[in-house]
Each structure stands twice: as C-alpha cells, then as structure tokens.
Amino acid sequence: MTRAITLLTENFSDWETALINSAGRGYYGFDVRFAAPGGAALTSSGGLMVTPHLAIESISLDELDLLIVCGGTLWRTGQAPDLTPLLTQARARGIALAGICDGTRMLAQAGVLNGVRHTSNSAENLAVPGYAGGAHYQDVPYAVADQRVVTASGTAPVSFMAAILATLGIGGADLDAYIAQHAAEHARPA
C-alpha cells in the first residue's frame, strides 16, 4: 500500500491536492494522511475546517512513499514552519516529494529543486534562501516531474495528480481516461 502524507497550513489551498488525495485513496488504495504544524485544526482558503491526522513534527519517514506540500498563503510568511530537515531527509531516503503553488517554495528552500527540473507559480516565486535551481526552472502551465520530485503551479492540480501517479509507477487506461475527462473542460468548441 502506498503511504502518503500531505502537509497543510492555515489557509491552505484546498483544491490543489484534492485530486491526488482522492484518486490515491479512492482508486488506488493509498493510505492518505494529513499533517499540520502541531497537529492543530486548520481552515482552508475556501473555509473548509480540517483536523489533521498528525503533527508535522511527529512525521516518521519509515515506510512513507510520498510527501506532498500543499500550497497556501502561509508559506510566504515568517509563520511558515521550517520543513528543510524533513524534506532533505525524505529526499535522501528516496521518498517521492511533491509541491504545488507556494508549496514549491518549501522544496526550493530545502534545496530539493537545485538539481531537478521544476516549475512553480513563477520563477520569482522561488526567490527564497536555499534555492539555487534557477537553471532548471521550467516556465510551463503543467506539472513537472524529475527524479521523484513533482512540482506544479496552483492552477495545475490535474497534471500534478497525474505526474505524482506516474512518479509512483501508476498509470494505465483508467488514469488516461480520467485525465482526458478533466482536459475536456478546457477544449474550445469548434
């Protein structure tokens, strides 16, 4: 069973990781957990009240397959928790790492993006201490996966989900059909 933890903070962007967590849990049998600073209850940017399973500080990387940093406005403030030790240890263990929207800032700050192709909301969004990966930045509207690291802008939750699943070796006709359904929303009528 694939074990995944999504890291949340107050005012997290609830739509950004909804598809990967729902598809992972509902279709692929993932053990999906959520963690927040101190394990405290949170409210999303959309007003969804959430009680996480555990505190970020108590995450054990043993038998963990995927660690996701959900975006949210707190990552741009001095109130953001320092994820550097957790993310660098997870990277060293080969755990798949994913960040979307301002969650990519935490991957950048931890140095995770310094040697892999990646994206974010913009190149300027990654101007944080610890980031030296500008040469690998991809200015694209979809998720980028490289060396078990997946990044996306906040407007790309569908390709974020697909890139994470591909990184974990999950794919096939069912996933292709699901992605095509989401893509059809953006097709322009003739």
Side-chain angles (χ1 to χ4, degrees), residues 1-110 112-113 120 143 145 148-154 156-170 175 178 182:
M1 172 185 297
T2 300
R3 292 182 50 198
I5 296 176
T6 299
L7 308 179
L8 305 174
T9 57
E10 185 64 28
N11 208 39
F12 70 95
S13 300
D14 43 27
W15 70 91
E16 293 176 346
T17 60
L19 288 175
I20 183 57
N21 286 310
S22 179
R25 182 174 177 270
Y27 294 106
Y28 298 105
F30 288 17
D31 176 11
V32 172
R33 307 269 170 136
F34 297 88
L42 307 166
T43 302
S44 76
S45 61
L48 178 67
M49 295 170 45
V50 174
T51 303
H53 297 97
L54 68 157
I56 290 174
E57 303 81 9
S58 66
I59 290 174
S60 170
L61 297 176
D62 296 334
E63 301 178 24
L64 186 65
D65 302 294
L66 171 63
L67 193 58
I68 304 169
V69 185
C70 185
T73 56
L74 193 80
W75 296 123
R76 292 180 159 271
T77 73
Q79 298 172 351
D82 182 8
L83 301 180
T84 299
L86 177 66
L87 295 173
T88 55
Q89 290 171 20
R91 179 82 171 130
R93 289 180 178 219
I95 295 168
L97 297 175
I100 186 165
C101 191
D102 282 343
T104 60
R105 292 170 60 88
M106 296 302 98
L107 295 175
Q109 183 176 312
V112 171
L113 304 182
S120 183
R148 297 185 59 77
V149 175
V150 179
T151 54
S153 71
V158 176
S159 63
F160 186 64
M161 172 203 61
I164 290 171
L165 292 174
T167 295
L168 296 172
I170 298 169
L175 180 59
Y178 187 63
H182 284 283

Once you round to the nearest 0.5 Å, how far does CZ of Arg76 lie from CG of Asp102? 4.5 Å
Report yes if some heavy atom in the side chain of Ile100 is under 4.5 Å from a heavy atom in the side chain of Ile20; otherwise report no. no
Extract all donor-acceptor atom pairs below 3.5 Å that involve side chains of residues 41-53 and protein atoms in other chains or at least two apart in sequence.
| unit_1 | atom_1 | unit_2 | atom_2 | d |
| --- | --- | --- | --- | --- |
| Ser44 | OG | Asp14 | OD2 | 2.4 |
| Ser44 | OG | Gly46 | N | 3.2 |
| Ser44 | OG | Gly47 | N | 3.3 |
| Ser44 | OG | Leu48 | N | 3.0 |
| Ser45 | OG | Phe12 | O | 3.4 |
| His53 | ND1 | Phe34 | N | 2.9 |

Quick one, Val69 and Leu97 - any side-chain contact, counting heavy atoms below 4.5 Å? no
Indicate the ring-plane relationship of Tyr28 and Phe30, choosing parallel, tilted or perpendicular according to the 30° and 60° boundaries. tilted
So, Asp65 and Thr2: side-chain donor and acceptor under 3.5 Å apart, yes or no? no
Could you list the donor-acceptor pairs under 3.5 angstrom formed between side-chain atoms of residues 87-94 and any protein atom two or more places apart in sequence or on another chain?
| unit_1 | atom_1 | unit_2 | atom_2 | d |
| --- | --- | --- | --- | --- |
| Thr88 | OG1 | Thr84 | O | 2.8 |
| Thr88 | OG1 | Pro85 | O | 3.2 |
| Arg91 | NH1 | Gln147 | O | 2.6 |
| Arg93 | NH1 | Asp62 | OD1 | 2.9 |

Can you name the closest pair of heavy atoms from Cys70 and Leu8 and give their distance? CB-CD2, 3.7 Å
Spacing of CE belonging to Met161 relative to CG belonging to Asn21, to within rounding of 0.5 Å: 11.5 Å
Of all heavy-atom pairs linking Ala143 and Ala156, the shortest is N-CB, 4.3 Å
Could you give the distance from CG (Leu54) to CD1 (Ile5), rounded to the nearest 0.5 Å? 5.0 Å
Quick one: which residue pairs count as a side chain to side chain donor-acceptor pair (under 3.5 Å) with a foot in residues 156-166, not counting sequence neighbours? none
Do you know the tightest heavy-atom contact between Gly99 and Thr104? O-CG2, 3.3 Å
Donor-acceptor pair, Glu57 side chain versus Gly38 backbone, under 3.5 Å? yes
Any side-chain heavy-atom pair from Trp75 and Met106 closer than 4.5 angstrom? yes
Verdict with supporting geometry, Leu107 and Leu113, side chain to side chain contact (heavy atoms under 4.5 Å, CB included): CA-CA 6 Å; Leu107 295 175; Leu113 304 182; 3.9 Å; yes
Using a cut-off of 6.0 Å, state whether more than 12 heavy atoms not belonging to Arg25 lie near its atom CZ. no
Worked check of side chain to side chain contact (heavy atoms under 4.5 Å, CB included) between Ile164 and Ile170: CA-CA 9 Å; Ile164 290 171; Ile170 298 169; over 6 Å; no
Can you confirm whether more than 12 heavy atoms, excluding those of Gln79, are under 6.0 Å from its CD atom? no
With rounding to the nearest 0.5 angstrom, report the CZ to OG1 distance, Arg105 to Thr151. 14.5 Å
Could you tell me whether the side chain of Ser22 and the main chain of Leu19 form a donor-acceptor pair under 3.5 Å? no
Show your working on side chain to side chain contact (heavy atoms under 4.5 Å, CB included) between Thr17 and Phe160 and close with a plain yes or no. CA-CA 8 Å; Thr17 60; Phe160 186 64; 4.2 Å; yes
Separation of Leu66 CG from Thr167 OG1 (nearest 0.5 Å): 9.0 Å
